[in-house]
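Source: prediction; values computed, not measured.
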Amino acid sequence: MINWTNKDDVQWEGTFTSRIFRNEEDDELTIFIENPSVAEFAEKCADSLNTLPQQMIDEICSKIAESAEEVGESELPALDEPQDILKYCWFTTVYVNAPKDGGAVSYIVEGEGDWGESVGFVIENDKLTYVG
């Protein structure tokens, strides 16, 4: 459930508890919508993020680790499990895209790695479309 903290005419901002992706301090992520009429859709996106299949979470984590290697981050220890990369990065914001094609979820999750690079991923139509 999203706790809307700032509602203006153009953009709403709120927070919700994330099951797997954490920020620097806790498990609260900020969520933004650019149109108040999609508040209910934003709830679907938050639910989607919290119920991602394990296979997709592993893919996200593996690709984030690959991205860290590509920028030459040698400070990271060897990772035993794909989700171990989450110890070295944090996520702050979810941007909800306007619903299309029957209201399939579409959102962007942004964060940063300890190696100083932005990290994030995009979910469209319940599919992972970008990680980097």
Side-chain angles (χ1 to χ4, degrees):
M1 182 173 156
I2 298 172
N3 175 30
W4 295 109
T5 56
N6 183 16
K7 297 178 180 182
D8 65 28
D9 292 341
V10 179
Q11 186 178 41
W12 283 18
E13 176 183 344
T15 60
F16 71 99
T17 302
S18 175
R19 182 181 66 83
I20 185 88
F21 301 101
R22 299 178 49 84
N23 67 29
E24 287 181 285
E25 299 171 4
D26 57 26
D27 54 2
E28 290 291 317
L29 299 185
T30 301
I31 189 165
F32 287 98
I33 57 175
E34 291 188 9
N35 183 335
S37 69
V38 299
E40 186 175 315
F41 181 71
E43 292 284 353
K44 288 182 183 180
C45 292
D47 289 342
S48 167
L49 182 63
N50 280 329
T51 59
L52 290 175
Q54 188 61 48
Q55 180 180 358
M56 190 179 294
I57 293 169
D58 289 345
E59 183 179 359
I60 291 167
C61 292
S62 293
K63 289 184 176 184
I64 290 172
E66 288 172 17
S67 176
E69 288 176 19
E70 287 175 9
V71 296
E73 181 48 55
S74 59
E75 303 272 330
L76 290 176
L79 304 175
D80 295 326
E81 299 290 327
Q83 286 189 19
D84 287 350
I85 191 68
L86 297 178
K87 297 175 187 173
Y88 306 101
C89 56
W90 60 94
F91 299 86
T92 56
T93 310
V94 176
Y95 296 97
V96 174
N97 296 324
K100 14 179 179 171
D101 301 332
V105 296
S106 180
Y107 54 93
I108 301 165
V109 180
E110 288 186 347
E112 190 170 327
D114 282 349
W115 53 97
E117 296 288 325
S118 295
V119 297
F121 56 93
V122 177
I123 303 290
E124 293 178 314
N125 296 325
D126 293 316
K127 293 185 171 106
L128 181 64
T129 60
Y130 173 82
V131 179

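For Asn97, the side chain to side chain contact (heavy atoms under 4.5 Å, CB included) partners at least two apart in sequence or on another chain are Ser106, Ile108. Applying the ring-ring contact (aromatic ring centres under 6.0 Å, His included) criterion to Trp12, with sequence neighbours excluded, gives Trp4. For Glu110, there are no salt bridge (charged side-chain N to carboxylate O under 4.0 Å, His left out) partners two or more places apart in sequence or in a different chain. Under the side-chain hydrogen bond (donor to acceptor under 3.5 Å, both in side chains) criterion, Glu117 pairs with no residue, sequence neighbours left out. With sequence neighbours excluded, no residue forms a side-chain hydrogen bond (donor to acceptor under 3.5 Å, both in side chains) with Thr51. Applying the side-chain hydrogen bond (donor to acceptor under 3.5 Å, both in side chains) rule to Asp27 yields no partners; only residues at least two apart in sequence or on another chain are considered. With sequence neighbours excluded, no residue satisfies side-chain hydrogen bond (donor to acceptor under 3.5 Å, both in side chains) with Glu25.
Atom CZ of Phe91 sits about 14.0 Å away from atom OG1 of Thr30, to the nearest 0.5 Å. Within the model, atoms CZ of Arg22 and CG of Leu29 stand 9.5 Å from one another, a figure rounded to the nearest 0.5 Å. Atom OG of Ser18 is separated from atom CD1 of Ile20 by 7.5 Å, given to the nearest 0.5 angstrom. Here Ile64 contributes atom CD1 and Glu69 contributes atom CD; the two are 12.5 Å apart, rounded to the nearest 0.5 Å. Considering CD of Gln55 and CD1 of Ile60, their distance stands at 11.0 Å, rounded to 0.5 Å.
Taking Ile, Leu, Val, Met, Phe, Trp and Tyr as hydrophobic and joining them when side-chain heavy atoms fall under 4.5 Å apart, one finds Trp90 isolated, its cluster having no other members. Applying the 4.5 Å side-chain rule to ILVMFWY residues, one finds that Val10 remains a lone member of its cluster.
Between the side chain of Asn23 and the main chain of Glu28, a donor-acceptor pair closer than 3.5 Å is present.
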N/O donor-acceptor pairs under 3.5 Å from side chains in residues 79-86, not counting sequence neighbours:
| unit_1 | atom_1 | unit_2 | atom_2 | d |
| --- | --- | --- | --- | --- |
| Asp84 | OD2 | Asp80 | N | 3.1 |
| Asp84 | OD2 | Glu81 | N | 3.1 |

Acceptor/donor pairs from residues 119-132 side chains to any protein atom, 3.5 angstrom cut, sequence neighbours excluded:
| unit_1 | atom_1 | unit_2 | atom_2 | d |
| --- | --- | --- | --- | --- |
| Glu124 | OE1 | Thr129 | OG1 | 3.3 |
| Thr129 | OG1 | Val122 | O | 3.4 |

Distance-only donor-acceptor pairs under 3.5 Å for side chains of residues 38-50, two or more places apart:
| unit_1 | atom_1 | unit_2 | atom_2 | d |
| --- | --- | --- | --- | --- |
| Glu43 | OE1 | Ile2 | N | 3.3 |
| Glu43 | OE2 | Ile2 | N | 3.1 |
| Ser48 | OG | Tyr107 | OH | 2.9 |
| Asn50 | OD1 | Arg19 | N | 2.6 |
| Asn50 | ND2 | Thr17 | O | 2.9 |

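Open room surrounds CD on Glu34; 12 or fewer heavy atoms of other groups in view lie less than 6.0 Å from it. Annotation for Asp26: atom CG counts as buried by contact number, over 12 foreign heavy atoms lying within 6.0 Å.
Between Met1 and Phe16, the shortest heavy-atom contact is O-CB, 3.8 Å. Taking all atoms of both residues into account, the shortest heavy-atom contact from Trp115 to Tyr88 is CZ3-O, 3.5 Å.
Side-chain contact between Cys89 and Phe21 is absent, with no heavy-atom pair separated by less than 4.5 Å.
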